[in-house]
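Below, read A as the first sequence line, B as the second, and so on, with proteins coming before strands; counting in each chain starts at 1.
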Protein chains: 2
Amino acid sequence: MEKEHSASMEDYLEAIIMLREGKEAVRVSQMSKALGVKMPSVTSALRKLSEEGLVEHQRYGRARLTPDGERIARDVLRRHEALRRFLAEILSVDPETAEADACKMEHSVSPVTQEKLAKFLEFVLSRPNVQPEWLKMFYRYASYGEVPGGCPTKCLGEE
Amino acid sequence: MEKEHSASMEDYLEAIIMLREGKEAVRVSQMSKALGVKMPSVTSALRKLSEEGLVEHQRYGRARLTPDGERIARDVLRRHEALRRFLAEILSVDPETAEADACKMEHSVSPVTQEKLAKFLEFVLSRPNVQPEWLKMFYRYASYGEVPGGCPTKCLGEE
DNA sequence: CTAATTTGTTTGACGCGTCTAACAATTTAC
DNA sequence: GTAAATTGTTAGACGCGTCAAACAAATTAG
């Protein structure tokens, strides 16, 4: 199985895959900027990931993923995207928040739950004819606190 | 506003409110067991929370929440419950996993998103006549990978 | 009431991830 | 091709949350 990696280490792997954009090798400064940490943090993360055989990196060089690192990074990214889209497209969370939350959840939420969320997204997207019905109702419910067409089974106005 | 507290500290507060059950004061050993940490960790957490005025605790005594601590603990618990129920009742995640994930999410996911998830749950529960329709469809979709009554707009069978 | 057991605390350590400051290599500009 | 600017590393520190070991108080049993 996939040995456990810390949230931070997964973030570093994910950053490499996201930043490389064709170039397939990434500078420390890029990662530093993208992750909002200082360069020494990147350096030490790369050293650790190197020792685990997940990235290739030598002094003053660029970082690239090994095949193992690539697999893990892709997996993190896949989960990240599913979560982000669920938050943005189903819950209509604003893009920035959806991005940030996906980033947290991808590390802490169980695979089981992540899978369910992904399925939910798939389910909704796969049925464009049904989606508008209740999803729009939900949006109004979320905005105004009640269902549009009447049927006020429950009327909540806390906070 | 509510000053930020670490995930750990929120967990300790939450543990007090959950464990007291009428007794309204909690032993270190109880918390230790409930949180899966050793007693010294509890002691040092209580000291810190004491200094912040969130719990009342003196050497060899039981721990109780101050009014401030109570407010925060209640809030954490409220969010926890909303998340847990969303996972269990909407996504049909198994109870143990739902509990564990709620515990992670309550600390890391933004209030915005937590609010949306809670609204979603409310929305579904408030409309018992509509719920069965698409929610059952989702359950089948999640289990078998496709919609029961045909309409195979998209058929996904990855992993 | 004393002895045994349970409960709780202190101390000092560790791992993780981060940072700053000082230094070193690389790249860029002239 | 040398000087300046940029990029990267090392060393050492810190905060957080945890732990084990040693000790101290409180509780229970006799």
- Task: Would you check, one step at a time, whether the test side chain to side chain contact (heavy atoms under 4.5 Å, CB included) holds for B:E96 with B:E99?
- Result: CA-CA 5 Å; B:E96 294 74 25; B:E99 173 64 29; 5.7 Å; no
- Check against side chain to side chain contact (heavy atoms under 4.5 Å, CB included), A:H107 and A:D11: CA-CA 9 Å; A:H107 307 302; A:D11 280 337; 2.6 Å; yes
- Task: Return the nearest nucleotide to the side chain of A:R62; candidates are D:dG17, D:dT7, C:dT27.
- Result: C:dT27
- About how many Å separate CE of B:M18 and CG of B:L35, when rounded to the nearest 0.5 Å? 7.5 Å
- Note on the structure: Rounded to 10°, the angle between the first-five-pair and last-five-pair axes of the helix from C:dC1-D:dG30 to C:dC30-D:dG1 is 10°
- Message: When you measure from the side chain of A:Q114 to the backbone of A:V109, do you find a donor-acceptor pair of N or O atoms at a distance under 3.5 Å?
- Response: yes
- Using atom NE2 of B:H5 as one end and atom C1' of D:dG15 as the other, report the distance to the nearest whole Å. 16 Å
- Spacing of A:I17 atom CD1 and A:L13 atom CG [to the nearest 0.5 Å]: 9.0 Å
- Rounded to whole Å, CZ of A:R27 lies from P of C:dA25 at a distance of 16 Å
- Are the side chain of A:R79 and the backbone N or O of A:E106 linked by a donor-acceptor pair below 3.5 Å? yes
Enumerate donor-acceptor pairs with a distance under 3.5 Å from any side-chain N or O in residues 36-48 of chain B to protein atoms, sequence neighbours excluded.
| residue | atom | partner | partner atom | Å |
| --- | --- | --- | --- | --- |
| B:T43 | OG1 | B:M39 | O | 3.3 |
| B:S44 | OG | B:S41 | O | 3.4 |

- Return the residues of residues 37-59 of chain A meeting this criterion: a heavy atom under 4.0 Å from some atom of DNA chain D. Order them by number, or give none. A:M39, A:P40, A:T43, A:H57, A:R59
- Report yes if some heavy atom in the side chain of A:D101 is under 4.5 Å from a heavy atom in the side chain of A:L83; otherwise report no. no
- Query: Are A:Y12 and C:dC16 close enough that a side-chain N or O sits under 4.0 Å from OP1 or OP2?
  - Reply: no
- Task: Round to the nearest Å and state the distance from B:Q30 atom CD to C:dT6 atom P.
- Result: 17 Å
- Message: With clusters defined by side-chain heavy atoms of hydrophobic residues (ILVMFWY) lying less than 4.5 Å apart, directly or transitively, does B:F123 cluster with B:L125?
- Response: yes
- Query: Rounding to a whole Å, what distance do you find between B:H107:NE2 and D:dG17:C1'?
  - Reply: 14 Å
- Base, sugar-phosphate alone, or nothing: which one does A:M9 contact when heavy atoms must sit under 4.0 Å apart? sugar-phosphate
- Query: Between A:Y60 (OH) and D:dT6 (P), how many Å, whole number?
  - Reply: 17 Å
